[in-house]
Amino acid sequence: MTKPKTLARIAGLLYLALVVLGTWAHLVVRDGVHVPGDPAATAANIVAHETLFRWGLAADVLMAVVFVFLGLALQRLLHHVDERAATALLVFVSVGAGSILLNLALHHGALRVATDPALTDELALLLLDLHGYGYTLGGVFFGLWLLPMGYLALRSALFPKPLGVLLIVGGFAWIADPVIAFALPGAPGLVRDVVSAPTSLAEFGLMLYLLVRGVRSPVPAGSENVPSRVL
């Protein structure tokens with residue numbers, strides 16, 4: 001049977017891999033070729049960096065797989081705390097991973113259009129823009145899984161209570177971001193930056209805690225009544 005601290009460290013490594021893969025694919029690869037409002041430049045960048053663009057898609061596929069394994073590791077670590085909440089965590093993670101994979105059809109579509117002279121550059125830009133919208137909408141499930149995770153952290157002695165609160169706040173912030181993006185498209189970018197700050201703190205806080213601390217050692221039942229020293 002895997003020890004809780006070992007399982008937590010495995011989850012931390014999976015979390016780190018997820019962050020690295022997702023950040024590279026979204027902020028380096030796609031943002032590197034995407035030129036808002038300029039179809040010709042966007043299509044030209046995709047063609048010029050076709051191999052990199054394909055690797056960005058592959059990184060997102062791997063990220064989705066890693067995300068599911070992270071959910072499995074956390075479900076196994078915390079199922080004894082609340083079976084239903086741990087199951088909800090795994091369900092939300094799985095749906096979130098599925099949304100990542102479905103959204104990649106738009107990523108690949110942009111590549112197909114950009115490399116086909118018979119198709120227009122405007123379509124390539126549209127598909128890449130739609131992928132971005134899908135990425136934002138997918139944030140709903142990135143937020144939903146943090147809610148049961150935060151609840152489990154609050155209920156469990158394995159995690160500090162402030163981290164559980166931060167995870168719940170970060171979960172609601174993830175959900176609020178797409179609402180603001182689509183309901184208030186004219187809102188200043190600073191608004192979304194402020195709303196997204198708790199998500200970064202929550203997720204990086206959980207990742208670092210799992211990697212560095214693992215989990216707290218469970219206190220044996222009844223030991224809290226034992227004097228710390230014998231006179």
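Bear in mind that the values here come from a model prediction, so they are computed numbers and not experimental data. Values reported hereafter were calculated over all heavy atoms of this structure, with side chains retained and with hydrogens, waters and symmetry mates removed.
- Summarising the geometry of S99 relative to G96, their closest heavy-atom pair is OG-O, 2.7 Å, with the distance given to 0.1 Å.
- By the criterion of side-chain heavy atoms lying less than 4.5 angstrom apart, applied directly or through intervening Ile, Leu, Val, Met, Phe, Trp or Tyr residues, V65 is grouped together with V93 in one hydrophobic cluster.
- Between the CG atom in D177 and the CZ atom in R192 there is a gap of 4.0 Å [rounded to 0.5 Å].
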Open item on the list: Apply side-chain contact (heavy atoms from CB on, under 4.5 Å) to residues D38 and L125 and explain how you reach the verdict.
Closed with: CA-CA 8 Å; D38 193 334; L125 178 61; 5.9 Å; no
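- The CG atom of L127 lies 11.0 Å from the NE2 atom of H107; values are rounded to the nearest 0.5 Å.
- A donor-acceptor pair is defined here as one N or O able to donate and one able to accept, closer than 3.5 Å; no such pair exists between the side chain of H26 and the backbone of D60.
- Both L78 and V91 belong to a common hydrophobic cluster when Ile, Leu, Val, Met, Phe, Trp and Tyr are linked at side-chain heavy-atom distances under 4.5 angstrom.
- Under a hydrophobic-cluster definition in which Ile, Leu, Val, Met, Phe, Trp and Tyr are linked whenever side-chain heavy atoms come within less than 4.5 Å, directly or via other members, V19 and L62 are assigned to the same cluster.
- Below 30°, between 30° and 60°, or above 60°: for F141 and F92 the angle between ring planes is between 30° and 60°, a tilted geometry.
- Hydrophobic clustering (ILVMFWY, side-chain heavy atoms < 4.5 Å, transitive): V195 and L147 are in distinct clusters.
- Summarising the geometry of W145 relative to E203, their closest heavy-atom pair is CZ2-OE1, 4.2 Å, with the distance given to 0.1 Å.
- Taking CG from L70 and CG from L210, the interatomic distance works out to 8.0 Å, rounded to the nearest 0.5 Å.
- Under a 4.5 Å side-chain heavy-atom criterion applied to ILVMFWY residues, the cluster that includes L101 comprises L57, V61, L104 as well.
- Nearest heavy atom pair, residue A11 against residue A73, reads CB-CB, 4.1 Å.
- Nearest heavy atom pair, residue L130 against residue N103, reads O-OD1, 4.1 Å.
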Open item on the list: With side-chain contact (heavy atoms from CB on, under 4.5 Å) as the criterion, how do Q75 and E83 come out once you've worked through the C-alpha distance, each side chain's angles and the decisive distance to 0.1 Å?
Closed with: CA-CA 8 Å; Q75 192 273 342; E83 184 67 35; 3.6 Å; yes
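- Residues satisfying the salt bridge (charged side-chain N to carboxylate O under 4.0 Å, His left out) criterion with R9, sequence neighbours excluded, are absent altogether.
- Side-chain contact of H34 with N45: a donor-acceptor pair under 3.5 Å is absent, judged by distance alone.
- Aromatic rings of F67 and F142 (six-membered ring for Trp) have centroids within the 6.0 Å cut-off, being under it.
- The shortest side-chain heavy-atom distance between L7 and P4 does not fall under the 4.5 Å cut-off.
- Counting all heavy atoms, side chain and backbone alike, A97 lies closest to A64 at CB-O, 3.5 Å.
- A perpendicular orientation is assigned to the rings of Y133 and F182, their planes being inclined by more than 60° (bins at 30° and 60°).
- In this structure, the side chain of S196 engages the main chain of D193 through a donor-acceptor pair within 3.5 Å.
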- [ ] Would you sort out whether Y151 and L154 count as a side-chain contact (heavy atoms from CB on, under 4.5 Å), showing the intermediate values?
- [x] CA-CA 5 Å; Y151 170 76; L154 285 172; 5.7 Å; no
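- For R54, the salt bridge (charged side-chain N to carboxylate O under 4.0 Å, His left out) partners two or more places apart in sequence, or in a different chain, are E50.
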TODO: Quick one: do V28 and T23 satisfy side-chain contact (heavy atoms from CB on, under 4.5 Å)? Show the steps, please.
DONE: CA-CA 7 Å; V28 177; T23 300; 5.6 Å; no
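- For the side-chain contact (heavy atoms from CB on, under 4.5 Å) test with D82, the passing option among L89, T87, L152 is L152; the others fail.
- With V113 as reference, L119 is the one residue of L126, L119, I46 to meet the side-chain contact (heavy atoms from CB on, under 4.5 Å) rule.
- The line from OH of Y15 to CG of L208 is 10.0 Å long, rounded to the nearest 0.5 Å.
- Pairing each heavy atom of P178 with each of V140, the nearest pair is CG-CG2, 3.8 Å.
- In this structure, V33 is a member of the same hydrophobic cluster as W24, with clusters built from ILVMFWY side-chain heavy atoms closer than 4.5 Å.
- The CG atom of L167 lies 12.5 Å from the CZ atom of F172; values are rounded to the nearest 0.5 Å.
- To the nearest 0.5 Å, atoms CG (L128) and CG (L123) are separated by 11.0 Å.
- A 4.5 Å side-chain heavy-atom check between Y135 and L106 finds every atom pair outside the cut-off.
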